[in-house]
Structure formats: C-alpha cells, structure tokens
2 protein chains.
Amino acid sequence: MAQKKKAAGHKFRGIAADLQAAIDRGEYGPGQRIPGEKALAETYDVAPMTARQALHWLRSQGSVESRKGAGFYVLNWRPIRRSGITRLARNQWSNGKSVWEADDSRPLDVDQLCVKRATAPERFASVLEIEPEAAFARSRRYLLDGRPVLLAVSWFDHDLVSGTPITRPDTGPGGVYARLADMGRAPVRFNESIRAQLPTEEEAERLKMPPERAVLRIARTAFDDSGRAVEINAMVADSAAYVLDYEFDA
Amino acid sequence: MAQKKKAAGHKFRGIAADLQAAIDRGEYGPGQRIPGEKALAETYDVAPMTARQALHWLRSQGSVESRKGAGFYVLNWRPIRRSGITRLARNQWSNGKSVWEADDSRPLDVDQLCVKRATAPERFASVLEIEPEAAFARSRRYLLDGRPVLLAVSWFDHDLVSGTPITRPDTGPGGVYARLADMGRAPVRFNESIRAQLPTEEEAERLKMPPERAVLRIARTAFDDSGRAVEINAMVADSAAYVLDYEFDA
DNA sequence: TAGTGGTCTAGACCACTAA
DNA sequence: TAGTGGTCTAGACCACTAA
C-alpha cells in the first residue's frame with residue numbers, strides 16, 4: 001500500500017517542503033532547474049498529480065516558475081519596495097531598518113502604453129462623480145529587467161482632461177499631476193486602498209504570472225483642494241514582486 | 001456575448017465562471033449551498049477532479065467556503081477597512097468615496113492571547129537591535145462575528161519591557177503604546193510594510209482559511225523620537241477579509 | 001446511513017522546448 | 001526526437017456531516 005512518511009493525506013506538502021528547504025540551502029540556485037513532475041513522482045513514489053501539486057504550491061509562492069515543455073526553475077525575487085508616501089520616503093527613521101529584503105533602486109521600464117476614452121468600472125466612476133462612459137484611461141505596464149511586475153490604469157473625468165496633454169502618450173515634465181496642477185486641480189491629498197486577490201486571466205497573462213498566485217490591487221485616489229477626486233490610479237502588482245511601504249507620524 | 005474562446009483545456013475555468021456568475025446574479029445567496037463536486041461532474045460531464053478545481057478556484061477567491069462532509073457554501077464578505085494612519089482616518093477627504101465596498105464599524109473580538117518571552121525571527125530582531133532570543137512577544141487573534149480574520153504578534157526587546165505591564169495580558173488604558181510612553185519611549189513614527197503571500201499551515205488553521213488563499217502580511221515598526229525601533233507588530237490577515245487604507249498629503 | 005469534501009492513484013493526450 | 005508541463009479522465013478510500 002501507499003507509504004505514509006508524513007501526516008496522512010498531505011504528501012504534496014512534504015514534497016514541497018523538501019524542495020523549498022533544498023532551495024533555501026542553495027542546493028538549487030537561482031535560474032537552476034528543479035526535478036519535474038515525473039522525476040518527483042518516481043523519487044517519492046506518488047502519482048504524477050501529487051508531485052504536480054507540490055510544484056504548483058512552490059510556484060504560487062513565487063519560489064519557482066514553470067516553463068512549458070522545459071521544467072521548473074528557481075526564482076530569486078528581490079521584491080520592489082514601493083513607498084506609498086513618496087515625499088517622506090527614505091528618511092532617517094527607516095534607514096536600513098526593514099523587515100524584508102527588498103530593493104527600490106532599480107529602474108522600471110514601461111510598455112503597453114495606451115491612452116484612450118474608455119468606460120470606467122462603476123465603483124471608480126462614482127468616486128470620480130462621472131458617468132462610467134465619460135472616463136478617460138491611461139494604461140501601461142511596468143517591467144523590471146524585462147519581467148512584467150505591475151499594471152496600472154489611471155482614470156480621469158474625460159471632460160476634464162479632454163484636449164490636454166493628459167490625453168497624449170507623453171504628458172510632459174511632472175506627468176499628469178503637474179498637468180492637473182496647470183488646470184488648477186492639483187492633487188493635494190491621496191488615499192490608497194489595498195487588497196490581495198487572484199488575478200483575472202488577462203492580468204495573469206499580461207504579468208506573465210501563474211493564475212493561482214495573488215496580485216496586490218492598489219487603488220490610489222487623488223483629491224484636489226476642494227476634496228473632489230481628480231484621478232484614480234488602479235494598479236495590479238504581482239505579489240511576489242512587491243513590498244508596499246508606508247511611513248507616517250504617530 | 002463575451003464568451004471566451006474555449007481554448008481547449010480550460011474547462012474548470014468555464015465552470016467556475018458559470019458558478020461565480022450565478023452567485024453574482026443572486027441565484028445562490030449568502031450561506032446557501034452550491035452544487036458539489038459530484039453534481040458538477042455530472043452536469044458538465046467532466047471528471048470529478050475538474051469540478052473540484054473549479055470549486056477550489058472559487059474558494060481561493062473567497063466566494064465560497066467548503067465544509068468537509070457538508071458542501072460548498074456562498075460567502076458574502078464585507079471587507080474590514082483597516083486605516084493604517086488612524087489619526088487621519090475618516091476625514092472629509094474620503095467621506096463616502098471608496099472604491100471598495102467595505103465596513104470599519106464592526107467590533108473585533110480577541111482570543112488566543114498569549115504573552116511570553118520568545119525567540120524573534122532574525123529580520124525582526126535585527127530591526128529591534130536585539131538578539132533573537134532576547135525578545136518578548138504578545139500574540140493574539142482577532143475575530144469578526146466569530147470568524148477569525150487576523151493574527152498579530154507584537155515583538156519587543158525583552159530587557160526593555162521586562163517587569164512592565166507590557167508583559168501582562170492586560171496592559172491597561174492606552175495599551176502598549178501608552179506604556180512605552182510611560183517609559184519615555186513613546187512611538188512617534190511608524191512604518192508599515194505589506195506583502196501578500198500564502199499562509200503557513202499553522203496560519204491557515206488558526207485563521208480557518210483555505211491554504212491556497214493568500215494572506216496579507218503587515219509588519220508595523222514603531223520608532224521612538226531617537227529613531228530606535230521599540231516594537232514590531234507582525235500581522236497576518238485573511239486577504240478576503242481586509243482592505244488596507246492609507247491617506248496622506250501630497 | 002447516504003452524501004460530501006480532502007486527498008490520492010495511475011494513467012492519457014497535447015503543445016511546447018531543447019538537443 | 002525525447003522530455004516537459006498543462007490539463008484532464010475515471011475512478012479510490014477516508015473522515016466527516018446531516019437527516
């Protein structure tokens with residue numbers, strides 16, 4: 001009968017733990033291939049499905065990535081530290097005092113830039129106090145070393161930004177916030193809401209991430225000095241790539 | 001109709017989408033049971049494993065929960081809105097302007113309170129500038145309507161808090177921050193770092209959540225006016241239960 | 001006692017990769 | 001061309017639930 005080396009009915013966890021430990025010990029270095037479904041099934045004397053579960057668990061953790069037809073390969077994320085409150089970022093209070101190993105000094109590339117009139121999700125439209133159809137969207141994708149890590153769509157009141165540089169691919173120095181300031185609608189206050197959810201199929205494809213790994217959804221609303229929302233930036237980040245950081249006074 | 005191309009080999013996605021749509025339409029209300037593995041396998045003419053994948057996908061989204069031996073039941077989360085920057089919370093800027101349907105007016109219960117000397121994770125110890133063994137931990141679990149939603153462990157320098165009310169279950173009015181203030185080490189600045197990861201087996205059990213659903217890990221570091229870290233609060237939140245909220249000036 | 005989810009078996013075919 | 005991951009089949013036994 002089936003041999004039970006771990007708690008009954010959790011074989012795949014034991015296999016995953018073994019592999020993770022081997023990765024942590026450096027037995028498999030970044031970029032190296034780890035044993036595949038067939039090899040694990042034989043080694044551990046389990047069904048291929050069970051070996052697969054272990055590999056997918058590692059993948060959804062971000063420990064490995066799978067390449068179809070090629071195998072599973074060790075990843076070594078140095079998460080991007082995203083400072084939500086940028087003007088206060090990197091001050092004396094936090095120098096070198098971080099609970100995560102992370103890095104915020106690497107430049108991100110942008111592609112898939114798309115600016116167009118579009119229909120906003122209901123919940124964004126209501127915050128912007130517009131009809132969903134009366135929205136303008138600036139969409140783009142961010143990459144780190146060629147790997148997609150973040151999707152972002154900025155939503156505006158179409159009537160507000162129509163005819164301004166905000167509707168053009170290049171918004172000029174200072175970006176959209178500087179242009180909003182030019183129009184007398186400078187953002188003076190921000191709200192960021194964060195959730196972790198599964199990616200949609202499209203999001204997973206654009207981020208080249210496995211569909212079972214969570215994304216961080218960050219919705220940043222910018223308010224002008226009259227308290228009206230002038231922009232909502234809806235971001236979707238690969239959860240394996242990001243650490244979000246906020247600093248504030250007591 | 002926006003029916004996706006039936007790319008051969010994504011049956012479970014179609015089934016999951018059908019069920020989610022039925023839930024969204026209200027065909028299955030909160031608390032109601034949805035068809036199980038066997039029923040779905042028959043209805044859609046697929047293998048039980050395929051039906052199971054669909055149900056587990058819904059579960060990892062937080063749309064349903066499974067009760068062993070009883071079936072899958074519709075959940076209706078009203079996420080808890082956690083304001084990171086509490087002193088600024090709920091001001092004019094954000095009144096009624098939220099992109100998520102959430103609620104922050106419900107009281108949380110506390111259980112599993114445990115205060116003891118303990119060994120801190122390396123990365124916490126180094127931020128607190130102590131040896132891992134020289135740590136003191138205050139651990140507890142928070143529940144909403146009887147459902148666990150958050151685990152929290154506060155880490156201190158053992159030598160600093162030893163003999164103070166911080167080492168007792170009841171820390172008195174104002175809690176640990178007031179006691180730190182009594183000692184001349186009042187927190188004046190905070191840093192919160194956020195990641196989304198899979199729960200450990202123990203975390204999933206204590207939160208009564210499926211192991212494939214992500215948790216939000218929030219590490220809050222409190223600094224005194226000399227810039228030294230006086231406390232690290234390591235929180236683990238069910239990602240289906242929480243929206244994190246930060247507000248700040250431009 | 002009948003039914004359910006949790007885990008697992010032992011395969012299959014396909015598209016894709018690397019040599 | 002041999003090997004791999006992605007998806008799926010058609011079951012199995014177990015612990016547990018609800019009637």
Side-chain angles (χ1 to χ4, degrees), chain A residues 1-17 19 28 31-60 63-75 201 204-205 208-213, chain B residues 4-17 19 28 31-60 63-75 199 201 204-205 208-213:
Chain A
M1 286 320 237
Q3 161 192 4
K4 291 182 174 154
K5 53 194 304 184
K6 302 281 178 180
H10 269 94
K11 293 187 183 178
F12 83 93
R13 278 189 176 276
I15 300 172
L19 287 169
Y28 304 106
Q32 261 190 280
R33 182 166 179 274
I34 64 173
E37 317 175 339
K38 273 84 173 181
L40 288 176
E42 182 146 353
T43 304
Y44 285 89
D45 192 25
V46 296
M49 269 294 244
T50 305
R52 222 160 295 155
Q53 266 187 90
L55 290 165
H56 284 196
W57 189 84
L58 288 178
R59 188 177 65 173
S60 80
S63 299
V64 301
E65 68 178 341
S66 62
R67 300 184 204 142
K68 199 176 178 182
F72 286 81
Y73 294 82
V74 177
L75 289 176
E201 210 165 346
E205 268 164 32
K208 293 199 197 306
M209 63 184 283
E212 80 273 13
R213 184 155 75 216
Chain B
K4 292 182 190 82
K5 56 185 175 194
K6 274 294 186 197
H10 267 94
K11 292 186 184 179
F12 84 92
R13 278 188 176 278
I15 300 171
L19 287 169
Y28 303 107
Q32 262 191 279
R33 182 167 179 273
I34 64 173
E37 316 175 339
K38 272 84 173 178
L40 289 176
E42 181 145 354
T43 306
Y44 286 90
D45 192 25
V46 295
M49 269 294 243
T50 306
R52 223 160 294 156
Q53 267 188 87
L55 290 165
H56 284 196
W57 189 85
L58 288 177
R59 188 178 64 171
S60 78
S63 299
V64 301
E65 68 177 343
S66 61
R67 299 183 205 143
K68 201 177 178 182
F72 285 81
Y73 294 82
V74 176
L75 289 176
E201 211 163 346
E205 267 163 34
K208 293 198 199 303
M209 63 183 284
E212 80 274 12
R213 184 155 76 216

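Below, chain A is the first sequence line, B the second, and so on; all start at residue 1.
Taking the salt bridge (charged side-chain N to carboxylate O under 4.0 Å, His left out) definition, one finds that B:Glu65 meets it with B:Arg67, B:Arg147, sequence neighbours left out. For A:Arg213, the side chain to side chain donor-acceptor pair (under 3.5 Å) partners two or more places apart in sequence, or in a different chain, are A:Asp238.
For residues 35-45 of chain B, proximity to DNA chain C is found at B:Gly36, B:Glu37, B:Lys38, defined as any non-hydrogen atom under 4.0 angstrom from a strand atom.
Listed nucleotides D:dC8, D:dG5, C:dC8 differ in distance to B:Phe12; the shortest reach to its side chain belongs to D:dC8.
Contact between the side-chain N/O atoms of A:His56 and the OP1/OP2 oxygens of D:dG6 is found at a separation under 4.0 Å. Between A:Ser66 and the phosphate of D:dT4, there is no side-chain N or O to OP1/OP2 separation shorter than 4.0 Å. For C:dT9, one of the phosphate oxygens OP1 or OP2 lies less than 4.0 angstrom from a side-chain nitrogen or oxygen of A:Thr50. B:His10 has a side-chain polar atom (N or O) that falls below the 4.0 Å cut-off from OP1 or OP2 of D:dT7.
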Report, one line per pair, each donor and acceptor closer than 3.5 Å where one atom sits in a side chain of residues 49-57 of chain B; sequence neighbours left out.
residue	atom	partner	partner atom	Å
B:Arg52	NE	B:Glu37	OE1	3.2
B:Arg52	NE	B:Glu37	OE2	3.2

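For DNA chain C, the stems formed by at least three consecutive Watson-Crick or G-U pairs, with both atom-pair distances below 3.5 Å, span C:1-18 with D:1-18.
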Please write out each protein N/O paired with an N/O of nucleotides 14-19 of chain D under 3.5 Å, distance rounded to 0.1 Å.
residue	atom	partner	partner atom	Å
D:dT17	O4'	B:Gly69	O	3.4

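Judged by distance alone with a 3.5 Å cut-off, a donor-acceptor contact links the side chain of A:Arg52 to the base of D:dT7.
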